[in-house]
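All chains are named by letter (A, B, ...) in the order of the sequence lines, taking the proteins before the strands, and each is independently numbered beginning at 1.
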Amino acid sequence: MVGRGADGRTAVVDLDAQGEELSRVVVDLEQLPQLIADREARGGPRWVWSDTPAWYDAVLRRGVRAGRCHDLRLVHTILQHSLLVADHGPIRAARAWETGPPVPAEARSGEATLFDLDRTAATQGSVPHDLEAALAELARQRSAIDGSADPGRLRLLAAAESAGALVAAELHAAGIPWDVDEHDRILREALGPRPSPGQTPARMAEAAAEVRAALGDPLVSLDSPPKLLRALHRAGIDVESTSQWELTAHEHPAIEPLLRYKKLSRLLTANGWTWIDEWVREGRYRPLYIPGGVVTGRWASNGGGALQIPRQLRPALRADPGWVLVNADVAQLEPRVLAAMAGDRAMAAAAAGTDLYAGIVASGVVATRQEAKVGVLGALYGGTTGDSGRIVPRLRSTFPAAMGLVDEAARTGERGGGVSTWLGRSSPEPDPAWIASQQRAHQADADPRDGERARRAARDRGRFTRNFVVQGTAAEWALAWLADLRLRLARLEAVEPVATGSGPALGGRAHLAFFLHDEVIVHAPREQAEAAAEAIREAAAAAGRLLFPGSPVDFPLDLQISERSQKG
DNA sequence: GACTAATGCGCG
DNA sequence: AAAGCGCGCATTAGTC
C-alpha cells in the first residue's frame, strides 16, 4: 500500500493477507520510484494505491515500472454497482471515492511537475490519496468482494481493471510513434497544399464551388446544416437531414461534390495540420487513455480523438528506425465472447475457424457472409427491422443458448432490472425519469402517448442491457489480454537501439503503443518482432483460458509486422 | 463572451 | 435517419 502520510511524506506499508500491517517505511515522494524499483527487482508486491495515474505517471517518468497493482478508485466504481456484491452499504457510504468526471488532458500532461499530488487531490474527480483513507477503503473493498456472490470473479475483475490502469499510464508515457511527414503527405494528397490560416484548402474549395454551381446558389454555406438543408430543398433535393447516408440515396449533380466536400472537411477539421501541431511532439502522439471510462468497461480517451483515428491516417503510425509495429486485432471478438459466455456449442462450432461469419454460413442458417454479419450485429445490438429483423429469428433457432443470453439481458433491461458482465461489472440503474415514465404509463388514466413513450424507452434500455453484457465481457477479455501481454513484453531483453521517444521505462524493449477495444499495436525492436508477435498470440490464448476455462471458443488474431500500421 | 444542445462523422 | 450498441470531437445555433 502506498499513501500519503499525516506528515505529508509517502508511506509504504506491507500488509498480510488479512490486511494487517506488517511493516512500514516512510520516504520522501522523490524516493518512491527507487523504492518501487528495488521491490520489483525482488519479485514485486501488488501495489495498492488510490489512483494509478496520480502515483504511477511520475514513477514511469523516472524509468521504473510496476508489475501489478490494485487501483482503489477503479475497483470502488465497479463494486459500487456490481450486482454480485451482497451489501453495498459500506462502499456506497464512502462518498469520497465516487469518481467524478475524468481530468482533462491539459490538466494532466502539460506540466512536468513531479509528484504534484496536491494539485491532483485538489482537482475535481479525484479521490483521497492519504494512507489512512486508502487503508480503510481497501478494507471495505476486501469485505465487499469476500462477501460477494462470486469472490473469484470480482478478484479477477479487480486485477484486470487495475492492470489496465498500468497499461493506460504506460501507453500515455510511450505515445504512438507518429510520422508527421507521412501525415502531411496524406493531407496534401487529399486536400492540396496546406493553406494559410483561415483559408480553405484547394481541393475543398473546388468541391464547394461545384456544389454551389449545381445548387445554383453561389453563396450557400456548406458548413451550416440548417442553411445547407434549405439550399438542398430549394434545389429540389428532398432530404430530412444533410447526413451522408441520406444524401447518397439521392440523384443530383450536387450530391457527389457535396459528399466529397464533407469527407475533406472532416479530415481537415478532425485530423488536419492543426491536429498535428497540437498533438504530435517529438514523433509521438500521446493521448490520455481512460480505463473504465465507458459504462460497459471499455476505455475512453481524451486528447485528439485517439480511438477515432481514421483508417486513412493509419500509415502515419510508423515505427522508429530499427523498430517495427506489430499490429494485431481479434477477429469477431464480441460474438466469440457471447458464444463462450453462453456455452453455445453450435456457435462455438461456427467460431472454430478464423472467420466466425463464414462458420455461420457453413452451418446453413444463412446464405452469405454479409447476412451472417448483419444477423450477428442485429443480435448483439437488438435489431428488429430490415435485413437484421429478418435474419435474427433464424439465428435464434440455430444458436438458442447465445440468443437466449442476450434476449434475457434485453428483457431484464426492459423491466428496469440490472445485468452483469461475465466477471461482474453491472449496468447502471435506470435514471429516475425512466422509472417515472414507466410508472406513468401504468396508471389507470394514462395517456396512450405516454404508454407508447414508455414502451419505446423500455425497448431502448433493453437494447442497452442486451449489448452491455457482450460489450462489457469483451472489454474484460481485452483487459486480460493486455494484462498478460504487458508482463510478457516486460520479460523481453532490453536492447539497442532505444526508442528514445517512448520514455526511459519503455524505450529499450518491445512495448505496447496503442490499444483500441479489440486491437493492439506493439512497438518492437526489429529483432524482437517475432517474439512480440508470439507474446501477443500467447496472451490472447491465456486471456481465453482465464475467462472461459475449458471453453472450445478460441480467439484468433489478424497479425501483421511492418514499419507502418496496416489497418485499412 | 461563456455556456449548452444539436448535428454530423470518425472509430470499435 | 443507418436497422441496432458504445464512444470523442469540431462546428453551428441558441441561450444567458
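Between A:Gln244 and B:dG10, a side-chain N or O to OP1/OP2 separation shorter than 4.0 Å is present. Of the side-chain N and O atoms in A:Arg311, one or more sit less than 4.0 angstrom from OP1 or OP2 of B:dG12. Proximity of A:Arg266 to the phosphate of B:dG10: no side-chain N or O atom is located under 4.0 Å from OP1 or OP2. Contact between the side-chain N/O atoms of A:Lys262 and the OP1/OP2 oxygens of B:dC9 is found at a separation under 4.0 Å. Here A:Ser224 does not reach the OP1 or OP2 of C:dT11: none of its side-chain N or O atoms lies under 4.0 Å away.
The base of B:dG12 lies close enough to the side chain of A:Arg298 for a donor and an acceptor atom to sit less than 3.5 Å apart. Judged by atom type and distance alone, A:Gln471 does not reach the base of C:dG6 through any side-chain donor-acceptor pair under 3.5 Å.
For the C1' atoms, the distance from C:dA1 to B:dA6 is 14 Å, rounded to whole Å. C:dG4 and B:dC3 have their C1' atoms separated by 33 Å, with the value rounded to a whole Å.
Among all heavy-atom pairs drawn from A:Asn467 and A:Leu380, the shortest one is ND2-O, 3.3 Å.
Looking at the side chain of A:Thr385, the nearest of the listed nucleotides B:dC11, C:dA2, C:dA3 is C:dA3. Nearest nucleotide to the side chain of A:Thr269, out of C:dA10, B:dG10, B:dG8: C:dA10.
The residue among A:Phe464 and A:Trp245 whose nearest nucleotide of DNA chain C lies closer to the 5′ end is A:Trp245.
Aromatic rings from A:Trp481 and A:Phe515 are positioned such that their centres are separated by 6.0 Å or more.
Side-chain atoms of A:Ser426 come within 3.5 Å of backbone N or O of A:Leu83 as a donor-acceptor pair.
Following rounding to the nearest Å, A:Glu519 (CD) and B:dC11 (C1') show an atom-to-atom distance of 10 Å.
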